[in-house]
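The sequence lines fix the lettering, A, B, ..., with proteins before strands; numbering per chain opens at 1.
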There are 2 protein chains.
Amino acid sequence: MPRRHDPGRRQRIIDAAIRVVGEKGLAGLTHRTVAAEADVPLGSTTYHFATLDELMVAALRQSNESFAKVTAAHGGLTDPDTDLAAELAALLGEWLSGERAGVELEYELYLAALRRPALRPVAAEWADDLAERLAHRTDPVTVRALIALLDGICLQVLLTGTSYDEAYAREVLSRVIPAGP
Amino acid sequence: MPRRHDPGRRQRIIDAAIRVVGEKGLAGLTHRTVAAEADVPLGSTTYHFATLDELMVAALRQSNESFAKVTAAHGGLTDPDTDLAAELAALLGEWLSGERAGVELEYELYLAALRRPALRPVAAEWADDLAERLAHRTDPVTVRALIALLDGICLQVLLTGTSYDEAYAREVLSRVIPAGP
DNA sequence: CGCCGTTATGTACGCTCGTACACATGGGAT
DNA sequence: ATCCCATGTGTACGAGCGTACATAACGGCG
């Protein structure tokens, strides 16, 4: 009976949950699969996360934070002298080229939020966070449009399996942004 | 033992499946729930659709056809003299205001296609169909961008629960379309 | 050092699921 | 009229699920 009193176990369970969703999809996320992936007994996952919704929320929130880090690293977003469309296209490229699992988790939970009200506020955090950053660069209508377009582009990449075309993204994003003064 | 030799039973099962997804979500789609909704014995659903994937494909395909009918009714889409952005915004409004169940089914199966390869070609039909219609009106890059934007707007409406703003959609769609000659 | 609440563990229960399969049935070809 | 096969039906099985719970180990605290 090794590894009693394992601090950070909760965190390891969350990491395992993200891996599971990345490999088997959201439908494959169960207490048991997570327990196996994290190499902990079944009771351990149910102890730290009484319900599956709790675990999903924790995983989605962590994925959100990971995305927030990527955006924060892109200081150009808030710098009014940069090309906003280019910055957004680069940001999306970085995100998509990085951990595919994170992107898929994001979108799977995104859609799961349609049916599970518990997930909705967390799912909205992604868009809200980005909207807040963009608010300083352009008007609210444009912000909403940019986010919708980013979502749509992401979806196309994920669904059609085509690789991400940054130049294309930059071009169409720039069309949405009204011409400057 | 009434109702032996029930022609059109297969169709009734598909209709029931669409209703089930609309009410309980894709996760609630099982042979048993569909059988109950269609008021047929369990064995009947497994006879007509050996696997759940088959049933999903049939339901998604029917939903696609229903959408195709709506677009076909909008003759203005192919008429080069109409305002393309306005036509698309109106089309989306009609679709969203219509059967909510159909829209949600479309998007739930859309995302399910991420994990179930069997669904992918059917999921792509929606976009392909629309793309084909739009090909006569503008260039391929713009077509892709328009579809991505439509997807993103739909997603925002479904997820945030906000009502569809047609004027907003028309505005941002028009920005994507390059100025005419 | 001993106590106690937090953390960890293993097992068991009740449920739903997909699927298989043996059997009934009826209509169309002969 | 008879036969045959596509169609329809009911049941059973094994697997996996969420959850509950009794019990064990641990570590901080008096």
Q. Could you give the angle between the helix axes at the two ends of the helix from C:dC1-D:dG30 to C:dT30-D:dA1, with five pairs per end, rounded to 10 degrees?
A. 0°
Q) Under 4.0 Å: is that the gap between some side-chain N or O of A:S44 and OP1 or OP2 of C:dA8? A) no
Q) Just checking B:L42: base, sugar-phosphate only, or nothing, at a heavy-atom cut-off of under 4.0 Å? A) base
Q.
Would you say that A:L26 contacts B:R115 through its side chain, given a criterion of any heavy-atom pair below 4.5 Å between the two side chains?
A. no
Q: To the nearest Å, give me how far apart CZ (A:R10) and P (C:dT6) are.
A: 16 Å
Q. What integer distance in Å separates B:M56:CE from C:dG18:C1'?
A. 12 Å
Q) Do you know the tightest heavy-atom contact between A:T82 and A:E87? A) OG1-CG, 3.7 Å
Q | Nucleotide C:dA20, atom P - distance to CG of B:L52 in whole Å | A | 12 Å
Q) Expressed in angstrom and rounded to an integer, what is the separation of B:H31 atom NE2 from C:dT19 atom C1'? A) 9 Å
Q) If two hydrophobic side chains count as joined below 4.5 Å and joins carry through other members, does B:V122 share a cluster with B:L52? A) yes
Q) Hey, is CZ on B:R116 packed in by over 12 heavy atoms from elsewhere, all under 6.0 Å? A) no
Q | Between CG on residue A:L149 and CG on residue B:L173, distance to nearest 0.5 Å | A | 10.0 Å
**Q.** Spacing between B:D39 atom CG and D:dG8 atom P, to the nearest angstrom
**A.** 14 Å
(Q) Tell me which pairs pass side-chain hydrogen bond (donor to acceptor under 3.5 Å, both in side chains) where either residue lies in residues 20-35 of chain A, with sequence neighbours left out. (A) A:T30-A:T33
Q) When all nucleic acid strands are considered with a 4.0 Å heavy-atom cut-off, which category describes B:T46: base, sugar-phosphate, or nothing? A) base
Q: Specify the residue among A:T33 and A:G43 whose closest nucleotide of DNA chain D lies further upstream toward the 5′ end.
A: A:T33
**Q.** Presence of salt bridge, A:E171 and A:R175, under 4.0 angstrom
**A.** yes
Q. Within the modelled atom types, does a donor on one side and an acceptor on the other bring the side chain of A:R32 and the base of D:dG16 under 3.5 Å apart?
A. no
Q: Grab the CZ-P distance between B:R9 and C:dT25 for me, whole Å please.
A: 15 Å
(Q) From CG of A:L29 over to P of D:dG18, roughly how many Å is that when rounded to an integer? (A) 8 Å
**Q.** Nearest-angstrom distance from the residue atom OH of A:Y47 to P of C:dT9
**A.** 11 Å
